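What follows is a short report on a single structure.
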Amino acid sequence: MDKLIHQSEKIFQLILTVLLSIIFFVVIGYIYWFSQIRYFTIDEYQYGCMTHLVSQGKLPYVDFYEHHPPLSHFLHSIIIKLSDGNFLEKALLLRKISFSYLILLSISLFFSFYYLTRKYAYALLGAIVPLSVGFGLISSIDYRADCFGAVFLTISILCIDANRQLKLRSLAAVSGILFGMAIFMSQKFVYYGGIALIILFINELNARYLRKEYSPRQLAHPISLIIGFVATVGIMLILCACFGLLPKMIQLIFFDAVKHEQVYPAIHFSSYLQNYLNQTKISTLVLIFLAVYFLVDQRDFVWSAVCFSTIISAFLIKAQYPYNFVFPCFILGICSSRGIYGLAQKLSLNKKIVVNSIFFLVMVLVLYDQIIFTTGKSDNTHQLKLLDKLEKISLANDRFIDNSGGALFLEPATYYFQNGLAQLQLFKKYFSEQIISDYRNSGARFMIYDARQNNLPAHVQEYLRKHYLHLDGDLYTYGLKLDTNLKEITNYEFEVIHPGEYYLFDNIDILIAQTPSNIDTSKLITPIIEISDRCQTKKVYDEYSKLKFPSEITVELMVKVDKNPHNAPVVKRGDWSLLHWDAEFEQMQGMGFQVHLPETNSYVECSEITSLDGWYHVVWTIYGNTLSFYVNGILKKISYVPPKDVASITGNSGAFKIMDAERGHCFNGIAENIRIYPYPMPRQTIFERFNILREKYGIIESTETGNFYKKVAINGKSLENNVCKLEKGTYQLSILPSRLHGYISCVAPQFFIEKIKRGKRHAMYFEY
């Protein structure tokens with residue numbers, strides 16, 4: 001009987017090992033996939049950009065601002081330097097670097113758990129549970145030094161733990177070296193590891209000199225550990241001194257970092273944790289229960305000290321963003337894995353197969369629940385497409401005005417390129433007096449727009465608005481917008497900071513190829529909806545809910561706008577807001593009209609409106625997957641519409657509403673002559689309809705067409721074509737009146753029509 005039980009145990013262990021091996025590789029495979037598709041955060045972009053700058057010979061603290069230790073930048077700059085891939089491949093390479101750290105941790109965990117249990121099944125489980133805690137996983141694949149330091153410190157603690165039995169001087173030295181490397185990744189690990197080591201050293205002194213017979217010693221060869229740590233720190237400081245970094249490094253990563261922490265707005269982890277717990281409440285409670293059981297049952301002094309240090313340190317950090325909880329999640333996972341092993345051993349007795357089966361099943365379900373939390377949060381598709389576009393249109397010597405590292409593998413234009421709230425407080429004089437001078441001196445052809453720019457002083461924002469044109473997505477290019485003027489020649493003063501070729505063009509000429517041109521206007525049918533009366537109050541037209549919209553339509557109406565709240569609906573049908581008015585749309589772009597896409601919960605925005613006292617002829621059409629926006633006969637915006645949004649038009653059966661309030665926002669302007677056509681109206685027809693209506697509504701516009709901006713005078717000399725070569729300096733431009741909006745830019749017109757598929761908007765970690 002005992003022989004049969006033993007054979008059954010062996011077969012069970014074999015099956016369990018095979019199954020857990022499969023689960024191990026599935027989890028590791030998922031983490032790799034997640035690392036490649038996960039949205040790049042602002043701080044992550046900054047770390048990547050700084051690593052690139054170091055690979056190009058730039059030095060932190062001297063050539064660009066940084067207030068973290070430099071080990072990450074120097075260590076990984078070698079890999080970036082050796083990479084010959086394009087921008088997309090380099091960006092994903094950064095995530096591969098992050099993934100390699102997690103693999104290193106997983107291997108260390110495997111050997112640690114196998115040494116403890118002598119069972120492959122528990123070793124495999126222990127190798128993936130700490131990596132799979134959802135709140136840590138969503139940040140641990142980020143390319144940022146905090147994550148790398150968390151890996152080094154965790155492995156250092158595993159070495160200390162194992163060395164209680166092995167008692168190897170070399171292993172003690174390795175743990176000290178790893179602790180030193182963790183601190184040179186991010187100084188916050190002085191808290192996380194330092195408090196724990198102080199507790200362990202105090203216990204060591206107590207055990208050795210005061211109560212030797214009662215207090216077991218927890219540190220093997222503490223002198224070797226200290227030597228490893230001091231040697232690592234010493235070598236790092238010597239290398240920094242050799243590069244001339246030491247004085248500024250000490251100032252920035254110690255004194256200025258303390259000031260930075262004091263002025264940084266306090267962020268409480270609960271603002272992020274709530275979302276996590278709502279989705280993983282049961283599995284998280286299981287992990288916490290197992291961790292607490294381990295600490296109570298084993299009374300392990302090392303892990304108790306580490307947990308105490310981790311909890312205290314997490315609260316000492318003022319900005320409690322999720323990336324600061326990567327290390328605590330590693331520790332939670334390790335203690336939980338130890339807890340399930342101890343609990344299984346205690347409860348198994350003569351029913352090992354049944355108990356082990358139950359416990360392993362529970363942990364697999366916990367893993368699934370934690371990992372599934374990370375799915376569907378965000379992706380980096382549009383960020384990678386933006387990087388691809390930057391690579392296509394930028395030159396080797398181009399510089400970018402970039403506040404968040406979005407120009408990942410290009411040089412930003414300012415010393416303090418990461419103008420977070422703390423930097424704005426610490427360096428007020430720079431941001432108020434010097435930054436515009438740096439922008440000019442940089443000769444930056446491009447700007448990456450980021451919400452942080454809204455925190456800059458008003459005159460700095462005004463400089464950016466006047467000197468950079470919206471190109472696509474978050475990308476802006478150096479240039480000048482030429483507004484319409486009927487009555488007289490308009491004179492512009494144009495400052496050239498980047499010498500080279502400049503293109504003069506109107507936006508119809510470069511976008512006309514994107515609109516339908518093969519429709520026979522003589523066979524166009526009448527509108528399927530036509531409401532000619534003036535609408536100033538809420539109206540509901542239930543009879544139009546029975547109509548079927550085709551997938552290609554045109555929406556036309558006359559609108560007189562007013563200073564309304566954010567996202568005030570003008571015309572709606574069901575979930576489709578056929579026209580919104582937004583008087584507070586992004587500061588960089590101004591007021592404008594919008595179309596809401598219900599399936600992707602995003603907006604096509606046409607932010608070209610500057611006047612509140614006149615009528616506008618507004619038309620938009622869908623042709624295939626392209627939405628074209630016209631205001632007063634002029635094509636203002638072309639945008640990609642996802643297929644599921646186009647398809648949702650045909651299934652739209654909601655009530656047709658005029659000026660219906662939405663989330664307390666109600667349009668207070670006037671609308672009339674609302675028409676919806678079952679076809680994409682050609683550009684020429686839209687222009688003709690505008691000319692019919694403009695006199696009735698008193699819209700003063702020229703009827704002139706064509707590429708008018710070929711007739712431009714610069715410093716009194718007429719241009720023969722629409723491209724000219726300009727040196728640095730200030731030029732006087734004379735433009736004859738035209739109804740068209742024109743542009744002068746250092747980027748060729750054809751690049752303005754390349755599309756970037758935009759992702760959803762995100763907070764730092766969770767979509768909203």
Side-chain angles (χ1 to χ4, degrees), residues 524-562 564-583 592-606 609 614-623 627-632 641 644-681 685-686 689-690 692-694 696-697 699:
L524 296 179
I525 59 176
T526 57
I528 55 174
I529 291 178
E530 185 169 6
I531 304 170
S532 58
D533 59 315
R534 181 167 293 189
C535 306
Q536 290 182 281
T537 57
K538 172 182 173 182
K539 289 179 180 286
V540 179
Y541 295 85
D542 287 321
E543 63 269 28
Y544 293 127
S545 64
K546 300 174 184 177
L547 293 175
K548 287 290 185 181
F549 282 1
S551 59
E552 295 183 341
I553 65 171
T554 298
V555 176
E556 178 191 23
L557 66 158
M558 298 298 303
V559 186
K560 190 171 185 179
V561 298
D562 196 358
N564 287 279
H566 178 66
N567 279 355
V570 183
V571 179
K572 291 184 66 178
R573 189 191 180 196
D575 292 333
W576 267 85
S577 293
L578 303 178
L579 195 69
H580 262 57
W581 166 249
D582 190 348
F593 296 114
Q594 302 173 327
V595 176
H596 179 239
L597 308 178
E599 296 300 317
T600 50
N601 194 27
S602 58
Y603 289 85
V604 174
E605 295 139 339
C606 178
I609 312 308
W615 285 92
Y616 290 97
H617 177 252
V618 182
V619 178
W620 62 265
T621 71
I622 285 186
Y623 176 61
L627 188 149
S628 302
F629 225 127
Y630 298 80
V631 179
N632 288 349
V641 179
K644 59 183 179 181
D645 270 304
V646 175
S648 72
I649 295 179
T650 61
N652 190 348
S653 59
F656 194 89
K657 300 179 180 180
I658 307 278
M659 300 180 184
D660 188 37
E662 181 179 85
R663 299 191 184 102
H665 299 157
C666 185
F667 181 67
N668 298 318
I670 308 170
E672 68 180 46
N673 283 325
I674 300 169
R675 293 177 174 85
I676 298 178
Y677 303 85
Y679 55 83
M681 187 178 286
T685 305
I686 293 171
R689 285 199 52 76
F690 163 69
I692 293 171
L693 294 166
R694 70 183 182 87
K696 175 183 175 182
Y697 290 93
I699 303 173

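It should be emphasised that the depicted structure is a prediction, and the values quoted were computed from it without experimental measurement. The figures here come from the full heavy-atom set of this structure, side chains too, leaving out hydrogens, waters and symmetry mates. Nothing fancy with the numbering, it's 1 onward along the sequence.
The line from CG of Leu547 to CD1 of Ile529 is 5.5 Å long, rounded to the nearest 0.5 Å. Rounding to the nearest 0.5 Å gives a distance of 10.0 Å between CZ of Arg675 and CG of Leu557. The NZ atom of Lys560 sits 5.5 Å away from the CD1 atom of Ile670 when rounded to the nearest 0.5 Å. The distance from the CE atom of Met681 to the CZ atom of Arg689 is 6.0 Å, given to the nearest 0.5 Å. Residue Trp576 holds its CH2 atom at 9.5 Å from NE2 of His596, rounded to the nearest 0.5 Å. Considering CZ of Arg534 and CG of Asn673, their distance stands at 9.0 Å, rounded to 0.5 Å.
You'll find the side chain of Ile531 reaches within 4.5 Å of the side chain of Tyr541, heavy atoms only. A heavy-atom distance below 4.5 Å is found between the side chains of Asp645 and Pro598. Side-chain contact between Val571 and Phe656 is present, with heavy atoms from C-beta onward closer than 4.5 Å. A heavy-atom distance below 4.5 Å is found between the side chains of Phe593 and Val559. Taking 4.5 Å as the limit, every side-chain heavy atom of Phe629 sits out of range of all side-chain heavy atoms of Val619. Between Leu579 and Val555 the shortest side-chain heavy-atom distance does not fall below 4.5 Å. With contacts defined as side-chain heavy-atom distances shorter than 4.5 Å, the pair Ile686/Thr621 qualifies.
Across Phe667 and Pro569, no two heavy atoms sit closer than the pair CB-O, 3.4 Å. Between Ser532 and Glu672, the shortest heavy-atom distance links the atoms O-CB, 3.9 Å. Closest non-hydrogen pair, Asn652 versus Gly574, comes out as OD1-CA, 3.8 Å. Considering all non-hydrogen atoms of both residues, Ile528 and Lys548 come closest at CD1-O, 4.3 Å. The minimum heavy-atom distance linking Ile649 with Pro550 is given by the pair CG2-O, 3.2 Å.
Counting only distance, with no hydrogens or angles, the side chain of Ser551 and the backbone of Ala647 share no donor-acceptor pair below 3.5 Å. Judged by distance alone, with hydrogens and angles left aside, the side-chain atoms of Trp620 form a donor-acceptor pair with the main-chain N or O of Leu578 at under 3.5 Å.
In this structure, Arg573 forms no cation-pi arrangement with Tyr544, as its terminal cationic atom is not both closer than 6.0 Å to the ring centre and no more than 45° off the ring axis.
For Glu599, there are no side-chain hydrogen bond (donor to acceptor under 3.5 Å, both in side chains) partners at least two apart in sequence or on another chain.
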